[in-house]
Every structure is written in structure tokens, then in C-alpha cells.
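Please read the structure below before turning to the comments.
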Amino acid sequence: MNTIVKLEETALFIFGIYLFSLLSFEWWWFLVLILAPDLSMLGYLFGNKSGAFFYNVFHHKGIAVLFYILGSYFKIEVLQLAGVILMSHSAMDRIFGYGLKYEKGFKYTHLGEIGK
């Protein structure tokens, strides 16, 4: 099952690159912004509960898709960019085994415990 998830997430990451190519931003923006969603880990400074909340908001693919759709509908390219970056980053994280977090702690994810 783990291989199937990694293949699916790799396909989503490649799809994110394709969607980015449709935007008018230079490619270096993708490289600079791809790690930006990890700033949400600063929520862990306030405890596991707030850390998990902020991490999950910025790594939830539904929110990423919503941003992209709203950006497409309202013709707001920056919102589309945000959606692409959020989705691509989430896919990249899941390729490496980092899933949505449980309030128990950072290493407890919906994909299993990190570091086992």
C-alpha cells in the first residue's frame, strides 16, 4: 500500500508542476515557495494541538483545491499559485511519509508514525 500512495502522490506533484506551468510566474517562484507551507510548523511553539491544527490546514489538499478553483473562477492568479503550491507541497510531504498530524505530537500522522 505504501508504494501505491507514493506513486499517487508523485502523480499529484507532477500535476502540480503542470498547473504551475500554466501560470505566468517564473519557475524560480515554484522553487522558492514549495517549502513555504512548512512555516505552519511554527504552530507547534504553542503546543501539539495548535501545531497539528495549523500544520493540517496548510497541508490539506481540499483547501489547496479550493484555493485553485476560487483563483480560476475569479481570475486571481496569486490564489491559483497558492493552491498549486499547497497541493504540490502536500504531495511532496506525503511522498516522504509526512502525513496530516494528530494532536498527540508531530511524529503521529495519518500515514503512520514518523521515524519508525
Side-chain angles (χ1 to χ4, degrees):
M1 184 64 166
N2 197 14
T3 302
I4 293 172
V5 171
K6 286 182 181 184
L7 288 172
E8 180 181 35
E9 297 302 334
T10 300
L12 286 172
F13 184 76
I14 292 168
F15 183 59
I17 292 171
Y18 168 73
L19 290 176
F20 181 84
S21 76
L22 300 177
L23 302 175
S24 65
F25 295 95
E26 298 290 330
W27 278 102
W28 62 268
W29 279 108
F30 187 84
L31 298 174
V32 168
L33 294 174
I34 193 65
L35 295 178
D38 279 340
L39 291 173
S40 64
M41 286 190 288
L42 292 173
Y44 280 98
L45 293 172
F46 304 101
N48 287 338
K49 188 174 182 176
S50 64
F53 173 78
F54 284 109
Y55 185 93
N56 291 343
V57 165
F58 283 88
H59 290 78
H60 194 285
K61 289 193 184 129
I63 292 172
V65 170
L66 178 65
F67 276 25
Y68 187 82
I69 290 171
L70 289 173
S72 296
Y73 182 77
F74 292 111
K75 308 283 190 255
I76 304 172
E77 200 170 32
V78 171
L79 201 52
Q80 287 176 283
L81 174 65
V84 167
I85 293 298
L86 290 173
M87 186 191 72
S88 299
H89 177 88
S90 296
M92 182 181 68
D93 269 6
R94 291 182 185 137
I95 291 168
F96 296 115
Y98 295 95
L100 297 175
K101 307 301 181 204
Y102 292 122
E103 293 178 359
K104 190 174 175 182
F106 182 80
K107 69 179 188 172
Y108 301 100
T109 78
H110 82 288
L111 297 176
E113 190 175 330
I114 297 170
K116 276 200 150 191

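There is no path of hydrophobic side-chain contacts, each under 4.5 Å, that joins L22 to I69. Hydrophobic clustering (ILVMFWY, side-chain heavy atoms < 4.5 Å, transitive): F54 and M41 are in distinct clusters. In terms of hydrophobic clustering, with Ile, Leu, Val, Met, Phe, Trp and Tyr side chains grouped at heavy-atom distances under 4.5 Å, V84 and V32 are assigned to a common cluster. L33 and F96 fall within a single hydrophobic cluster, where Ile, Leu, Val, Met, Phe, Trp and Tyr are joined by side-chain heavy atoms under 4.5 Å apart, directly or via other members. The hydrophobic cluster containing V78 also contains I34, counting ILVMFWY residues as joined when their side-chain heavy atoms lie under 4.5 angstrom apart, directly or transitively.
Sorted by first then second residue, the side chain to side chain donor-acceptor pair (under 3.5 Å) pairs that include residues 9-18, not counting sequence neighbours, are E9-K61.
Looking only at side-chain heavy atoms (C-beta outward), H89 and L35 come within less than 4.5 Å of each other. K101 has its side chain within reach of I114: a pair of non-hydrogen atoms, C-beta onward, lies under 4.5 Å apart.
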Inset, instruction - Begin with the C-alpha distance, continue with both residues' side-chain angles, and end with the deciding distance and a verdict on side-chain contact (heavy atoms from CB on, under 4.5 Å) for S88 and F15. - result: CA-CA 8 Å; S88 299; F15 183 59; over 6 Å; no

Inset, instruction - Could you give me the CA-CA distance, side-chain angles and deciding distance for W27 and I17, then say whether side-chain contact (heavy atoms from CB on, under 4.5 Å) is met? - result: CA-CA 10 Å; W27 278 102; I17 292 171; 3.7 Å; yes

Legend entry - Worked check of side-chain contact (heavy atoms from CB on, under 4.5 Å) between I85 and F30: CA-CA 7 Å; I85 293 298; F30 187 84; 3.8 Å; yes

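Crowding of F25 atom CZ: a count of heavy atoms from other residues, nucleotides or ligands under 6.0 Å exceeding 12. Within 6.0 Å of CZ on F20 lie more than 12 heavy atoms contributed by other residues, nucleotides or ligands. At most 12 non-hydrogen atoms from other residues, nucleotides or ligands lie less than 6.0 angstrom from CZ of F67. More than 12 heavy-atom neighbours from other residues, nucleotides or ligands sit within 6.0 angstrom of CZ on F13.
A distance of 6.0 Å separates CG in L70 from CZ in F74, rounded to the nearest 0.5 Å. Note: W29 CH2 to L23 CG = 13.0 Å, rounded to the nearest 0.5 Å. Taking OH from Y44 and CZ from F53, the interatomic distance works out to 12.5 Å, rounded to the nearest 0.5 Å. In this structure, CG on L7 lies 10.0 Å from CG on N2, to the nearest 0.5 angstrom.
Classification of the Y55-H59 ring pair by plane angle, with boundaries at 30° and 60°, yields parallel.
Considering every non-hydrogen atom in both V57 and I63, the closest pair reads O-CD1, 3.4 Å. What you find for M87 and L12 is that their closest heavy atoms are CE-O, 3.6 Å. When all heavy atoms of L86 and P37 are compared, the closest pair comes out as CD2-CG, 3.9 Å.
Using modelled atom types, one side-chain atom of E77 and one backbone atom of S24 make a donor-acceptor pair closer than 3.5 Å. Remark: side-chain polar atoms of H110 are paired, donor with acceptor, to backbone N or O of L100 under 3.5 angstrom.
Donor-acceptor pairing under 3.5 Å is lacking for the side chains of Y98 and D38.
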